[in-house]
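Working notes, beginning with the structure itself.
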Number of protein chains: 2
Amino acid sequence: MGTATLADVAREAGVSMATASRVLNGGERKVAQEYRDRVLAAAARLDYTANLAAQATARGLSTTVTLVLPDITDPYFSMIAMGVSEAAEEAGLITTMALTRRDAEREVHLVRSLRGQRPRVIVLAGSRQRSGHMNAELERELEAYVGIGGRPVFLSQSTTPYPSIDFRNEQAGRELATAVHGLGYRRMLVLGGPTGLVTTEERVAGLREGAAACGAPIPDDLVLACDLSRDGGYATIAALPEEVLEHVDLVLAISDVIAIGAMTALRDRGLRVPEDIAIAGFDDVPAARDAVPPLTTVRLPLVEAGRAAVHVALQDGRPPASLAGTVVLRESTPQR
Amino acid sequence: MGTATLADVAREAGVSMATASRVLNGGERKVAQEYRDRVLAAAARLDYTANLAAQATARGLSTTVTLVLPDITDPYFSMIAMGVSEAAEEAGLITTMALTRRDAEREVHLVRSLRGQRPRVIVLAGSRQRSGHMNAELERELEAYVGIGGRPVFLSQSTTPYPSIDFRNEQAGRELATAVHGLGYRRMLVLGGPTGLVTTEERVAGLREGAAACGAPIPDDLVLACDLSRDGGYATIAALPEEVLEHVDLVLAISDVIAIGAMTALRDRGLRVPEDIAIAGFDDVPAARDAVPPLTTVRLPLVEAGRAAVHVALQDGRPPASLAGTVVLRESTPQR
DNA sequence: TTGAAAGCGCTAACAG
DNA sequence: CTGTTAGCGCTTTCAA
């Protein structure tokens, strides 16, 4: 019951297993219409479902896309997950996910044990470390993975020979800085997220370049590192000396989550947003719209990026182009 | 390269495949220490990783937990996903996820094709329909799944003979209504989410009961259905006739996401929150803390529920107890 | 305890 | 175009 196998279907249809396999799971036409129909009918009658595990054993690769990501609870990644899952499904693949909890070492172990699943594609989401000591390890694991026919893709930078989908972080930063400068902001503070991550450093660099180009350079001591989370933004603003904040008219956070935490902290310090101090973020996660005031940000095609990752992996021809962001001005940065 | 098989390990260690299998993937003690060491050493030397697909073929079941959920982008579900993934990992299982896009029919198809993966556990997240025509279909699929040794669990109600993890939605509703009544609110409006869903109806019922018990019953025409999303909350409030809103001092949304959308809509209508109208939600997703003003809600142990689901499925002894919520009062419902 | 050998369900040459 | 027949890598009786 519930366990009809290919052999059962073949017998029921009066054909060989090979033929049954060809019509049920094989590629395109190659079987006479009559046989095809008989097999299909038998399969339906028996409620046949292919045993994917057996298929994977025989083929050497499973029909799975594995998404490795730091934290599914972060909207940045859940958007990406959405895209990966959509594209995988369209390609007839199943999505598996594994969480690294933002731990590079764990990521390597994960890739190692995931290899056992024989996924067709592994999408590694989350920014790479500029010079992680795990990078080499990771590359070794991926080599082994490629050895069995798998295709790794990075979603945001590759520190390896394998392809990646990238965002134009620097450009986005420049554009945002330029846009807010145009609005009249001159004394900006940057909440730069963790140092060492490629993504955050690119964004910070872009912001500073943009501001500098407009004649309002951001001094080093106004570029603050913080945890890549709501709490990171909150804590950093909360701990800031009064005199620093007094001279600032705009906080530029390198992610919306950080910005949202920062906004709450600003308010908890008795400052009005945006009257006393304005704020902007990056990513345009859904929560940015519901922030009060709504958050100025750079919209990144997150879902699309997830989709692109699996496409690039599947048809490895396509050259991975980097994805641009769009500045979205909202009330958190009014004309000043 | 990267493709050491059990046979390779056995040969390298000078033992039979059976022995190698026993030490590497089998249960506990049964192999002499010396052999055990030799196998382990050989495996390490060869960088052996078990082929999970082959294992699943041989065993009939894979080492996978499959999570079926409506939308990973919704924080309610991403919290649950977090818990499932954690517990699965602790049990040495891999988590797979599939998105239904809130479509019951799709859910059934998904379960059907997921069956092919032979997951050890399938967690079906998301509220059941009170009387969905797909319920019977779903049950049929699950029967087949159980037939191959799988274990289904529902996360929020079971319309089938299989276990479920439940929240005490009604009780939570009663407590919330009672709490806000204690704060001085008397004329409440309910944003009840979609009708037909068990969860939403339970919450609505609880709220109404609680309010009624306090002597401030909520009339039928102040219980509004809406989409289970931020936009659902926004749209419903936006479309409300002025005279209805005038008589309301508190909006009770059956989810935080709805509440957050509603809050924005209220504000867009020129109302002050909470001065003119207060608001509360359900779930206590992270965004509730960052809402302005911070949102009163009922905290539900979402991550914990996800964990419980896999535990219940794995050791089917434990009787699935239902999980209680805790009212969390914040500034969106000040003493009035 | 250990090993030989028969599968698990499916695929993919290779003939016919 | 169809069927025969080896595997795929691992598990698991069953004897030794």
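Note on naming: letters A, B, ... go to the chains in the order of the sequence lines (proteins, then strands), and numbering restarts at 1 for each one. Computed from heavy atoms alone, side chains included, the values below leave out hydrogens, waters and symmetry copies.
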Requested in this report: Could you check how far CG of Asn25(B) sits from P of dT12(D), rounded to whole Å?
Outcome: 10 Å
Report task. Inspect the contact between Asp74(B) and Arg102(B) and indicate whether a charged nitrogen and a carboxylate oxygen are less than 4.0 angstrom apart. Result -> yes
Query raised in the report: With respect to the phosphate group of dG3(C), does any side-chain polar atom (N or O) of Ser16(B) fall under 4.0 Å of OP1 or OP2?
Result: yes
Query raised in the report: Rounding to a whole Å, what distance do you find between Gln55(A):CD and dC10(C):P?
Result: 8 Å
Query raised in the report: Over how many whole Å does the gap from Tyr48(A) atom OH to dC10(C) atom P extend?
Result: 4 Å
Report task. Could you tell me whether the side chain of Arg118(A) has a donor or acceptor atom within less than 3.5 Å of a complementary atom in the base of dG9(D)? Result -> no
Query - Which nucleotide in dT11(D), dT2(D), dG9(D) has an atom nearest any side-chain atom of Thr5(B) - result: dG9(D)
Report summary line: By nearest-heavy-atom nucleotide on DNA chain C, the more 5' of Ala54(B) and Gln33(B) is Gln33(B)
Query - Rounded distance (Å) that lies between atom P of dG9(D) and atom CD of Gln117(A) - result: 17 Å
Query raised in the report: Could you state the CZ-C1' distance from Arg59(A) to dG9(D), rounded to the nearest angstrom?
Result: 16 Å
Query raised in the report: Looking only at side chains, do Gln117(A) and Thr64(A) share a donor and an acceptor under 3.5 Å apart?
Result: no
Query raised in the report: Atom CG of Asn51(A) and atom P of dC10(C): how far apart are they, to the nearest Å?
Result: 6 Å
Query raised in the report: For the atom pair CD1 (Ile122(A)) and CZ (Arg115(A)), what is the distance rounded to the nearest 0.5 Å?
Result: 9.5 Å
Query raised in the report: With a 4.0 Å cut-off on heavy atoms, is Ala18(B) in touch with a base, just the backbone sugar-phosphate, or nothing at all?
Result: base
**Report entry** Nearest to side-chain heavy atoms of Ala58(A), which nucleotide of dG9(C), dC8(C), dG3(C)
**Finding:** dG9(C)
Requested in this report: Measure from CE on Met17(B) to P on dG7(C) and round the result to the nearest Å.
Outcome: 16 Å
Report summary line: Atom CG of Leu6(B) and atom P of dC8(D) are separated, to the nearest Å, by 14 Å
Query raised in the report: Within the structure shown, what part of the strands sits under 4.0 Å from Thr57(B) by heavy-atom distance: base, sugar-phosphate, or nothing?
Result: base
Query raised in the report: Using 4.0 Å as the upper bound for N to carboxylate O, is an ion pair formed by Arg101(B) and Glu86(A)?
Result: no
